[in-house]
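What follows is a short report on a single structure.
Letters go in sequence order (proteins before strands), and every chain restarts at 1. For clarity, every value in this text was computed on a predicted model and none was experimentally measured.
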Protein chains: 2
Amino acid sequence: MAHDHVMPTDLTRNQELVLGTLNHAPAPLSAYDILDLLRSEGLRAPLQVYRALDKLVERGLAHRLESLNAFVACADEHCHRKGLIAFAICEGCGKVDEFADAVIEERLGTWAGTTGFKVERTTMEIRGKCAECLKAA
Amino acid sequence: MAHDHVMPTDLTRNQELVLGTLNHAPAPLSAYDILDLLRSEGLRAPLQVYRALDKLVERGLAHRLESLNAFVACADEHCHRKGLIAFAICEGCGKVDEFADAVIEERLGTWAGTTGFKVERTTMEIRGKCAECLKAA
DNA sequence: AATCAATACGTTATAGCATAACGCTGCTGC
DNA sequence: GCAGCAGCGTTATGCTATAACGTATTGATT
Ligand SMILES: [Zn+2]
Ligand SMILES: [Zn+2]
Ligand SMILES: [Zn+2]
Ligand SMILES: [Zn+2]
């Protein structure tokens, strides 16, 4: 069941390399991590990675984790362009669990309605320990 | 009703300077912003600011906004040590609205319960436009 | 008072994350 | 052809954060 990722066919070479790297990573990677992993493929400068990441994030194929300054491949084929996504990040093993919750999203909508705030984008990141790491401890 | 902040008496000089700066700022400040504002008070190095910020955040007197790499003074005398706090950040004027929502928190607890994840800390940041900025546009 | 541990401080250097600005390449549509 | 656009490669720079060192201050212990 691992690597059940979709790889669109209309990516540029750099985008494909970056997304491929994220797809095979067991944990979030920083742009510089990605760069180091792709030097053998000819990449040399941070901008090459950042530009690819921008496009991938824009299309919902990858996500940025603000609290880590790092990136993950989208784990859910259906998540693209949906609203709120939450990430549970394990401090032990680094694994990230991506999920959506309609109740939270609706609750946020209610809050926005009463305050007149127009939500454009929400980041929700939960730090802690996953079940597996808790069991091991 | 502005500046209704509490300033504890047991802060060190640097902590007091940093918190005072945050209290008077209309929008989040980066550590380097704070440093520049406090050079006249004798501060010279980023670490002086970061160390003060660490303590202030630890005590709940200030909050770090992950999506901005910036800091705000806590707006709520009662928020310290409570669970989940959400921030609505206006992209127009920079103002930050801090709020808590028991339903979201409870919902998160439910999710954690079913997955076996142990939540240690949650960051929730909403980007968008505040009512005032929408009206002005 | 002398000792010790804990916390904060100041400074220099370095690491890690992100973008500006330039010019070039290779498409697509007219 | 050629204009417009997206992507590319490179160099330089800026912003964010911490490592490592030694000193100073405080407060409790003896
Ligand atoms: Zn996703
Ligand atoms: Zn884990
Ligand atoms: Zn607060
Ligand atoms: Zn506003």
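Enclosure of atom CD in B:Glu120 by more than 12 non-hydrogen atoms of other residues, nucleotides or ligands within 6.0 angstrom is indicated. Other residues, nucleotides and ligands contribute over 12 non-hydrogen atoms within 6.0 Å of the CD atom of A:Glu91.
Atom pair A:Leu68:CG and D:dT16:C1' shows a separation of 15 Å (rounding to whole Å applied). A:Phe71 has its CZ atom 16 Å from the P atom of C:dG16, to the nearest Å. Atom C1' of nucleotide C:dA8 and atom CG of B:Leu56 are separated by 13 Å, given to the nearest angstrom. Rounded to an integer number of Å, the gap from CD of B:Glu58 to C1' of C:dA8 is 13 Å. One interatomic measurement links the two molecules: CD of B:Glu66 to P of C:dC17, which rounds to 14 Å at whole-angstrom precision. One atom, CG of A:Asp54, and another, C1' of D:dA6, lie 13 Å apart when rounded to the nearest Å. D:dC15 atom P lies 15 Å from atom OH of A:Tyr50, rounded to whole Å. As a whole-Å value, the separation of A:Leu17 CG from D:dG9 C1' is 15 Å.
Looking at residues 27-37 of chain B, you'll see B:Ser30, B:Tyr32 sit with a heavy atom under 4.0 Å from some atom of DNA chain D.
Within the structure, a side-chain polar atom (N or O) of A:Thr12 is placed less than 4.0 Å from OP1 or OP2 of D:dC8. For the pair B:Asn69 and C:dC17, the criterion of a side-chain N or O lying under 4.0 Å from OP1 or OP2 is not met. Residue A:Arg13 has no polar side-chain atom (N or O) positioned under 4.0 Å from OP1 or OP2 of D:dG9. Here B:Asn14 reaches the OP1 or OP2 of C:dG10: one of its side-chain N or O atoms lies under 4.0 Å away. OP1 or OP2 of D:dG9 lies within a sub-4.0 Å distance of a side-chain N or O belonging to A:Gln48. For the OP1/OP2 pair of D:dA19 and a distance below 4.0 Å, the side-chain nitrogens and oxygens of B:Arg51 include no atom meeting the criterion.
In this structure B:Arg51 satisfies the side-chain hydrogen bond (donor to acceptor under 3.5 Å, both in side chains) test with no other residue, sequence neighbours excluded.
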Requested in this report: Run the numbers on A:Asp10 and A:Arg59 for salt bridge (Lys or Arg N to Asp or Glu O under 4.0 Å), then give the verdict.
Outcome: CA-CA 12 Å; A:Asp10 63 340; A:Arg59 292 182 54 173; 3.2 Å; yes
Query raised in the report: Are B:Arg64 and B:Glu66 close enough, and set up right, to give a salt bridge (Lys or Arg N to Asp or Glu O under 4.0 Å), and what steps lead you there?
Result: CA-CA 6 Å; B:Arg64 175 185 172 81; B:Glu66 302 285 358; 3.1 Å; yes
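Of the candidates C:dA18, C:dA8, D:dT10, D:dT10 carries the atom nearest the A:Arg44 side chain, counting heavy atoms from C-beta on.
Using modelled atom types, one finds a donor on one side chain and an acceptor on the other under 3.5 Å when comparing A:Ser67 with A:Glu125.
Shown are A:Leu61, A:Leu17, A:Val18; of these, the side chain to side chain contact (heavy atoms under 4.5 Å, CB included) with A:Leu11 is made only by A:Leu61.
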Report task. State the dot-bracket string of DNA chain D. Criteria: Watson-Crick or G-U wobble, both atom distances under 3.5 angstrom; notation: ( ) intrastrand, [ ] crossing earlier pairs, | interstrand, . unpaired. Result -> ||||||||||||||||||||||||||||||
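Here B:Thr122 contributes atom OG1 and A:Met124 contributes atom CE; the two are 6.0 Å apart, rounded to the nearest 0.5 Å. A distance of 4.5 Å separates CZ of B:Phe71 from CG of B:Leu53, quoted to the nearest 0.5 Å.
Classification of the B:Phe99-A:Trp111 ring pair by plane angle, with boundaries at 30° and 60°, yields parallel.
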